[in-house]
Structures are given as C-alpha cells and as structure tokens.
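What follows is a single structure, written as structure tokens, with notes after it.
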There are 2 protein chains.
Amino acid sequence: MPSRQTVSSKRSAVIKALAHPSRLLIAEALMGGEMCVCDLKDLVGADMSTVSKHLSIMRQAGVLVSDKRGLNNYYRLACDCLGDFLRCLDQLAPRNVKTKPCC
Amino acid sequence: MPSRQTVSSKRSAVIKALAHPSRLLIAEALMGGEMCVCDLKDLVGADMSTVSKHLSIMRQAGVLVSDKRGLNNYYRLACDCLGDFLRCLDQLAPRNVKTKPCC
DNA sequence: TGTCTATTTGGCTAAATAACCAATTTGTTG
DNA sequence: CAACAAATTGGTTATTTAGCCAAATAGACA
C-alpha cells in the first residue's frame with residue numbers, strides 16, 4: 001500500500017496539474033467531451049508547443065488520458081469527478097479579511 | 001454576477017493555494033480541526049516565516065480563515081468540502097501510459 | 001512601561017515554471 | 001517514397017515562486 005508521503009505527493013501533482021489557468025481552462029473544456037490538441041490550442045490561444053506541454057503535465061498527473069486517431073491526438077478527462085471538485089471550489093470566495101468562514 | 005474570466009481566475013487561485021506540498025499538508029492537517037502557526041511549523045518542518053507565508057497565500061485564496069486568541073493565531077479550513085475534494089483526487093492515479101481511464 | 005512570545009513582513013538568492021521558436025517524431029496520403 | 005500535417009521535444013530566456021534570515025508588529029503580562 002502507498003505511504004502517506006506517496007499519497008501526499010501524488011495529490012500535489014494532481015492539484016498542480018490543475019493550478020495553471022490554461023490547464024484549468026482545458027480541464028473545464030474537456031468536461032464537455034474529448035478534444036484534439038489543435039482545438040485546445042485555439043481555446044487557450046497559445047503556441048501549440050505550449051499547449052502540448054500543458055497536456056503532457058496533466059496526463060502525467062493522471063488528470064487526462066489521450067489516444068491518437070488518424071492525424072489527431074484526442075484528450076479527455078480521466079475522471080468525471082472534476083465537476084464536483086470545481087463546484088466545491090466555487091464555494092470558497094477569496095477574501096483577505098480575517099475570520100468569517102464561507103460555509 | 002462574476003464573468004467567466006473572474007470565476008476561472010478565482011478557481012485558479014484556490015487550486016494554486018493547495019498545489020504546494022506543504023500547503024496541502026497543512027490543509028489535510030486542518031481537516032482535523034484548527035491549529036496555531038507554531039504547531040503547523042512543527043508539522044511542516046520549515047521556518048516559521050515560510051509557514052506564515054504559506055498560510056497567508058491560503059487565507060487570501062479563501063481556503064483558510066484565522067483568528068487570534070491570546071498570543072496565538074489559529075487557522076482553520078474555510079470550508080469542509082475539502083475532504084470530498086481530496087477523496088476525488090485519490091481516484092486519479094498518476095500514469096504515463098496513454099489511454100485507460102481510472103473511473 | 002519594558003520585556004517576552006507568537007507571528008508577520010521585507011529583502012535577497014536559489015530553484016521551478018512558462019512561453020516561444022526551432023527541430024524532430026509519427027503517421028497519412030498522393 | 002516524398003511531401004505534408006499534427007503533435008511532441010529540446011533549448012533558451014523571462015517570470016514566478018520558495019525559502020531563509022533579519023527586522024518589525026501585536027498582544028500579554030510582570
């Protein structure tokens with residue numbers, strides 16, 4: 001069984017993979033179904049190589065899976081629990097005052 | 001109402017606040033109840049100033065709330081949906097092979 | 001008030017991350 | 001096989017982030 005340390009760093013990698021705005025945008029887009037890299041490039045608006053590296057990070061963390069069909073590489077979410085996750089996030093409003101929890 | 005852009009960057013900030021191993025460790029520890037900075041310093045094993053900066057990031061992102069009682073500053077989770085969140089993460093096993101979703 | 005304790009803030013350096021361009025890989029199709 | 005398309009990888013530079021030390025705050029209490 002995995003040690004606490006292993007589990008913790010695994011979790012960190014997954015969160016890190018979602019922490020970049022472009023990567024989060026990609027994850028949100030993929031909630032609607034799989035997309036190929038060139039479509040994601042248009043969505044993000046960055047160089048394809050940049051997008052490819054983002055996708056690589058997300059795939060290595062286990063957030064995405066991909067398969068190649070024809071000329072294109074299609075990516076999709078590895079798990080559909082992401083939706084709940086994002087809804088959870090939205091309950092946390094950013095605040096710099098002390099005290100007063102959100103929920 | 002907030003724009004898509006605003007919501008997206010807000011989410012990013014929250015995720016970023018949890019993406020660092022020490023900060024995730026802190027969040028996990030606080031699931032068991034509030035703790036003061038000095039206890040968290042022992043937990044993380046870093047300089048108190050470092051821990052304080054981590055806490056500041058998490059508080060600004062809305063993940064934590066704090067209040068001072070006596071000499072100590074106590075921190076706790078702003079929301080208890082974090083538990084579900086972490087359980088969700090654990091479903092995502094890191095893999096570098098292509099295809100084969102986890103769930 | 002002066003001192004002690006807990007915490008935060010400022011400043012600096014080292015390390016990690018992101019972005020682009022160029023070059024390479026992999027598979028397609030004429 | 002040659003030319004092409006989609007995507008990845010390598011290399012470089014700029015930006016961001018993390019960590020420590022030292023200094024500053026804020027409150028408790030003798």
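Proteins come first, then strands; the chains are lettered A, B, ... in the order of their sequence lines, and each starts at number 1.
Nearest nucleotide to the B:D47 side chain, out of D:dC21, C:dC21, D:dG27: D:dC21. Of the candidates D:dA7, C:dT7, D:dC20, the closest approach to any side-chain atom of B:S49 belongs to D:dC20. Looking at the side chain of A:L71, the nearest of the listed nucleotides D:dA7, C:dG27, D:dG19 is C:dG27. Closest to the side chain of B:K53, out of D:dA7, C:dG10, C:dT8, is C:dG10. Closest to the A:K16 side chain, of the nucleotides C:dT28, C:dG10, C:dT17, is C:dT17. Checking C:dG10, C:dG27, C:dT7 against every side-chain atom of A:K68, the shortest atom distance belongs to C:dG27.
Using a 4.0 Å heavy-atom distance criterion, A:S22 is classed as making no nucleic acid contact.
The shortest distance between the side-chain N/O atoms of B:Y74 and the OP1/OP2 oxygens of C:dT7 is not below 4.0 Å. Phosphate contact (OP1/OP2 of D:dC20, side-chain N/O of B:T50, threshold under 4.0 Å): present. The shortest distance between the side-chain N/O atoms of B:H54 and the OP1/OP2 oxygens of D:dG19 is below 4.0 Å. Close to D:dG27, at under 4.0 Å from its OP1 or OP2, lies no side-chain N or O of B:R69. The phosphate of D:dG19 (OP1 or OP2) has a side-chain N or O of B:H20 nearer than 4.0 angstrom.
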What's the verdict on salt bridge (charged side-chain N to carboxylate O under 4.0 Å, His left out) for A:D47 and A:K41, showing C-alpha distance, side-chain angles and the deciding distance?
CA-CA 7 Å; A:D47 195 88; A:K41 161 184 142 29; over 6 Å; no

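For the pair B:I15 and A:A19, the tightest heavy-atom approach, listed with the atom from each and the gap, is CG2-CA, 3.6 Å. Closest approach of A:V44 to A:I26, counting heavy atoms only: CG2-CG1, 3.8 Å.
Counting atom types as modelled, B:K41 pairs no side-chain N or O with a base atom of D:dG19 as donor and acceptor under 3.5 Å.
Spacing between atom CG of A:L40 and atom C1' of D:dT8 amounts to 15 Å, rounded to whole angstrom units. Rounded to whole Å, the distance from CG on A:D67 to C1' on D:dA6 is 14 Å. In this entry the distance linking CE of A:M35 with C1' of D:dA7 reads 16 Å, nearest Å. Regarding A:M58, its CE atom lies at a distance of 12 Å from the P atom of C:dA18, rounded to whole Å. Summarising the geometry, the separation between CG on A:L55 and P on C:dA19 is reported as 12 Å, rounded to the nearest angstrom. With rounding to whole Å, A:R23 atom CZ is found 9 Å from C:dA18 atom C1'. At whole-Å resolution of the value, CD in B:E34 and P in C:dT7 are 12 Å apart. Summarising the geometry, the separation between CD1 on A:I57 and P on C:dA19 is reported as 9 Å, rounded to the nearest angstrom.
In terms of position on DNA chain C, the residue among B:S56 and B:N72 whose nearest nucleotide sits closer to the 5' end is B:N72.
Taken from CD in A:E28 to CG in A:L77, the straight-line distance is 10.5 Å, to the nearest 0.5 Å. Taking CG of A:L64 as the start and CZ of A:R59 as the end, the distance is 9.0 Å to the nearest 0.5 Å.
Geometrically, B:R69 engages B:Y74 in a cation-pi contact defined by less than 6.0 Å to the ring centre and at most 45° from the axis.
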